[in-house]
Colleague: 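Structure incoming, see below.
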Amino acid sequence: MVQNKNSFARSIKKFIRLYFFILLGAFLAAVSVRIFLFPNHLIDGGIIGLSLISARLFGANYLPISLIILTLPFLFLSYKFIRKTFFLQMFFAVLVFIGFWLLLEPFKPFLGDPNSGSFLLEVIVFGGVILGVGVGLVIRNGACLDGTEILAIIINRKKGFTVGQVVLAINILIFGFYGYLFRDWHIAMQSLMTYFIAYKTMDVVIVGFDELKSVTIMSSKPKQVSNAIINKMGLGLTALYGRGGFSGTETEILYVIVERLDLSELKELVLREDPNAFIAIENLHEVVYGTHHKAPTTKKRRTRKKKAKTSRTL
């Protein structure tokens with residue numbers, strides 16, 4: 001009974017945290033679009049970008065209507081092809097974004113100074129960063145504001161193009177259409193710059209600052225290399241058993257997950273133990289750790305943990 005209560009409490013806490021960060025992300029996205037982008041005739045990509053075009057043509061009050069109409073087909077696709085929870089979270093994010101868009105109407109917009117040599121530069125940078133943080137929080141917590149991402153996922157499953165390639169192609173078409181429609185290619189290029197800043201910021205929010213790498217090591221001295229990695233760097237690893245395709249020699253292949261800050265030290269350590277070792281390094285988008293596993297820690301964190309343990313002992 002106690003265990004069920006604890007499990008229920010954790011589920012409620014997780015639910016509240018999830019929707020709080022989706023709400024926060026939608027709020028930041030609305031601030032960026034309402035205060036920074038729209039008043040300066042800049043647009044975002046995807047469905048929000050198309051909605052901003054309609055808002056510029058017919059007035060700001062048409063943005064919520066356009067956003068709802070354009071999002072409905074993608075909500076249906078998310079319900080049919082992805083999962084019901086994603087559909088609910090996306091629906092919540094879009095409604096919250098529209099609500100904040102309406103609530104922010106009385107606030108003064110942030111306009112670029114036309115007399116400044118860096119006209120719109122501060123709008124592009126700050127608007128892009130705030131938008132990237134907002135959208136990144138929404139995506140990190142299992143929802144999205146842009147229906148084109150759903151279309152990209154479906155195309156990825158059917159045709160093999162990556163999600164990033166599809167989204168980029170769609171957004172380039174939207175920015176091109178915007179420049180052609182209003183005969184202003186400068187504003188279209190500035191919108192594209194804002195999108196790239198938002199995209200990179202969003203990537204940092206989703207992946208995090210502590211970027212992880214997966215390292216595959218093939219060495220003729222696997223025992224020495226693995227002992228050095230475990231004892232000198234304090235990292236865990238997995239030994240996989242493989243066989244050379246040409247030589248047929250059986251060997252151990254070492255697999256390590258390491259933070260980017262420790263990567264240089266890991267390479268030096270491996271090559272010091274075995275100068276002929278082969279090292280393959282790949283980027284990891286995300287790593288999920290179970291209850292009995294620990295994330296890799298940097299040297300600074302390990303030092304702080306060691307000092308804390310020593311002080312407790314004393």
Side-chain angles (χ1 to χ4, degrees), residues 10 14 18 82-83 85-86 136-137 139-142 149 152-153 156-157 159-168 199-310:
R10 284 196 298 269
K14 183 180 178 181
L18 180 77
I82 301 181
R83 60 183 184 275
T85 54
F86 183 88
L137 284 173
I139 294 175
R140 182 163 184 163
N141 289 277
E149 292 171 1
I153 291 170
N156 168 257
R157 292 175 179 175
K159 301 295 183 182
F161 295 102
T162 66
V163 174
Q165 289 172 342
V166 177
V167 170
L168 180 61
Y199 177 81
K200 294 305 294 183
T201 306
M202 180 178 65
D203 193 47
V204 170
V205 172
I206 296 170
V207 178
F209 288 98
D210 295 329
E211 186 180 355
L212 294 174
K213 306 282 186 179
S214 67
V215 182
T216 304
I217 304 165
M218 285 175 271
S219 168
S220 58
K221 305 174 182 178
K223 297 294 183 184
Q224 290 176 233
V225 173
S226 60
N227 288 335
I229 292 171
I230 294 170
N231 296 324
K232 295 181 181 179
M233 294 192 67
L235 295 174
L237 56 82
T238 300
L240 308 173
Y241 292 95
R243 178 172 55 84
F246 179 75
S247 64
T249 306
E250 293 187 355
T251 184
E252 288 185 3
I253 301 170
L254 306 180
Y255 181 80
V256 186
I257 295 176
V258 62
E259 289 186 358
R260 178 176 52 83
L261 298 176
D262 284 339
L263 183 61
S264 177
E265 182 182 350
L266 176 64
K267 290 190 291 185
E268 290 179 6
L269 180 64
V270 171
L271 293 175
R272 187 164 62 244
E273 296 294 330
D274 182 7
N276 297 317
F278 174 84
I279 304 173
I281 301 167
E282 294 181 277
N283 292 322
L284 282 178
H285 179 68
E286 184 179 3
V287 175
V288 179
Y289 302 96
T291 55
H292 300 293
H293 294 81
K294 293 183 179 180
T297 54
T298 60
K299 186 185 291 184
K300 290 182 180 179
R301 292 178 189 172
R302 290 195 297 272
T303 303
R304 286 198 295 268
K305 287 181 180 179
K306 188 179 290 185
K307 287 181 179 179
K309 186 176 180 180
T310 304

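Each residue takes its place number in the sequence, starting with 1. All values below were derived from every heavy atom in this structure, side-chain atoms included, with hydrogens, water molecules and symmetry-related copies excluded.
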Colleague: Could you give the distance from CZ (Arg272) to CD (Glu265), rounded to the nearest 0.5 Å?
Modeller: 8.0 Å

Colleague: Would you say the side chain of Leu240 lies within less than 4.5 Å of the side chain of Thr216, judging by non-hydrogen atoms?
Modeller: no

Colleague: How many angstroms lie between NZ in Lys232 and CD in Glu273, if you round to the nearest 0.5 Å?
Modeller: 5.0 Å

Colleague: Please report the closest heavy-atom contact between Arg140 and Val205, naming both atoms and the distance.
Modeller: NH1-O, 2.6 Å

Colleague: Partners of Ile229 by side chain to side chain contact (heavy atoms under 4.5 Å, CB included), sequence neighbours excluded?
Modeller: Ile217, Val225, Leu235, Leu237, Val256, Leu266, Leu269, Val270

Colleague: Between Glu259 and Leu212, is there a side-chain heavy-atom distance shorter than 4.5 Å?
Modeller: yes

Colleague: Measuring from Leu254:CG to Ile279:CD1, what's the distance to the nearest 0.5 Å?
Modeller: 10.5 Å

Colleague: Could you tell me whether the side chain of Thr251 reaches within less than 4.5 Å of the side chain of Arg243, counting heavy atoms only?
Modeller: no

Colleague: List for me each residue that meets side chain to side chain donor-acceptor pair (under 3.5 Å) alongside Ser214, sequence neighbours excluded, and say none if there are none.
Modeller: none

Colleague: Can you name the nearest heavy-atom pair linking Met233 to Asp262, along with the distance?
Modeller: CE-O, 3.6 Å

Colleague: Taking all non-hydrogen atoms of both residues into account, name the closest pair between Ser219 and Pro222 and its distance.
Modeller: O-CD, 3.5 Å

Colleague: Holding to salt bridge (charged side-chain N to carboxylate O under 4.0 Å, His left out), I want the full list of residues that pass it with Lys223, two or more places apart in sequence or in another chain.
Modeller: Glu252

